[in-house]
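Report on the following structure.
The chains referred to below are lettered A, B, ... by the order of the sequence lines, with proteins before strands, and numbering in each begins at 1.
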Amino acid sequence: MNVLQVRDLVKRHGRKESLVRAVDGVDLDVPAGQMLAVMGPSGCGKSTLLHLMGGLERPTGGQVWLAGERIDTVGERALARLRRRSVGFVFQSFHLVEELTAAENVELPVLLAGGSPRAARRRAQYLLDQVGLDHRARHLPWKLSGGERQRVAVARALANEPLVVLADEPTGNLDTAATNEVLRLFAELRAMGQTLVLVTHDGRVAATADRLISMRDGAFVEDTWLAGHTGHTGRFDGLFAMGD
Amino acid sequence: MQDAILAMLAKEPSHGYDLGLRLRRALGPLGGSMNAGQVYVTLARLEKAGLVVHERSEESPARPDRKVYALTEAGHERVTAWLGEVNRPKPDLVEFHLKLAAASASRLADPVELVDTQRRELLRRLAEAQRAVLAEPEGSTGGLLLEGIALRLQADLRWLEACERVWSRAGQESGDA
């Protein structure tokens, strides 16, 4: 089953001379359980595509289907409800509420979706444990490292058991070690069957996906399957990379 | 070096002197480190191998170097093979750069396509290395070497992005002209 379906999707900004085709006729199917990376230089339209798929922006043309339901034509309130319940967002700059603790940040989406405080607390406890931060539950975001903050943000994205997690440059503000923390977490989510779409310009992030789409000037130029997660050959010809 | 010279001859027969100039231009600031005699030594080797032949040029008798080199059939085949092969397992930055320049000048291959092919290969290797990094326990020293490999491949990929940007612009400009 496809969690996400996109048909002839178009998003334009501006008019006449300043017209920008941010997304220019894109078709895409994302089956359940797939980890998909969309890669391309800045300005290629990949973030806009992610926003359109998550209902954060409305397309100029085309269709977006989320679990068989068309979301580009629904009203604002229905769209907001869909976003809350079915989509989890992860952003480059974390977007945590600075005044709330890690646990409260994760509880928030459950409460907003109508869950009881008790259910929210339980869910947050479970998820923070999952991302390895149960010992940080009562910390405010500024007391956490970048990698920890992003892990809290991932826990928050998972709060309402979304159909899909959409991540926009999730490691863009992280150093190498923190990048690995977050990528490990994504690998675990993937192993649990969570559908994930991430846009990135970092080859290391893209390389951990099942499938990699390259985007240029609002369109897909390549769609490749990366090797399965079944281990490696142990040869690592990358050891002798360029410049030796 | 051999392949780059062959690829330049694919565009048109040239004097050794002109080949040296074109190589230096393609290498940019790094061209200064090239030894002028290298071109002639390489040409002599290529001729021995039957990949190029020379003729004496009559038009400029005053010049010390009057040999005009041209590709043989075998030389042509070798250029085509070189442009088409993916650089592995030990791609060389300078060689790849010259390959793109030569592909563009000779119009035997599209530099942007060569970049794409190379990127696919690097991504495949990066996927392998990065997954192995993630398979190591967090904070272990065992993963450090793998991480170094992954980071270097990442740097190579970023350079390919720059290659793509510049060569696709160059392609557009020459297409418009």
Could you tell me whether [X] atom [atom1] has more than 12 heavy atoms of other residues or ligands within 6.0 Å of it?
X         : atom1 : result
Asp217(A) : CG    : no
Glu222(A) : CD    : yes
Glu98(A)  : CD    : yes
Glu136(B) : CD    : yes

Completion exercise
So, the part of Leu157(B) with a heavy atom under 4.5 Å from chain A: the answer is side chain

Fill in the blank from the handout: If one checks every heavy atom of Arg165(B) against chain A at 4.5 Å, the contacting part turns out to be neither

Considering all heavy atoms of both residues, which atom of [X] and which atom of [Y] are nearest to each other, and what is their separation?
X         : Y         : result
Arg120(B) : Thr224(A) : CD-CG2, 4.5 Å
His201(A) : Glu161(B) : O-OE2, 3.9 Å
Asp202(A) : Gln154(B) : OD1-NE2, 2.7 Å
Arg204(A) : Leu126(B) : N-CD2, 3.6 Å

Exercise for the section: Check for a donor-acceptor pair, side chain of Arg158(B) on one end and backbone N or O of Gly203(A) on the other, with a separation under 3.5 Å. Expected result: no

Exercise for the section: Using a cut-off of under 4.5 Å on heavy-atom pairs, state which of Asp116(B), Leu151(B), Val133(B), Leu134(B) scores highest against chain A. Expected result: Leu134(B)

Handout entry: Glu164(B) with Arg216(A): basic N within carboxylate O range, under 4.0 Å
Key = yes

Completion exercise
Test side chain to side chain donor-acceptor pair (under 3.5 Å), reference Gln130(B), set Asn180(A), Thr208(A), Thr179(A), output is Asn180(A)

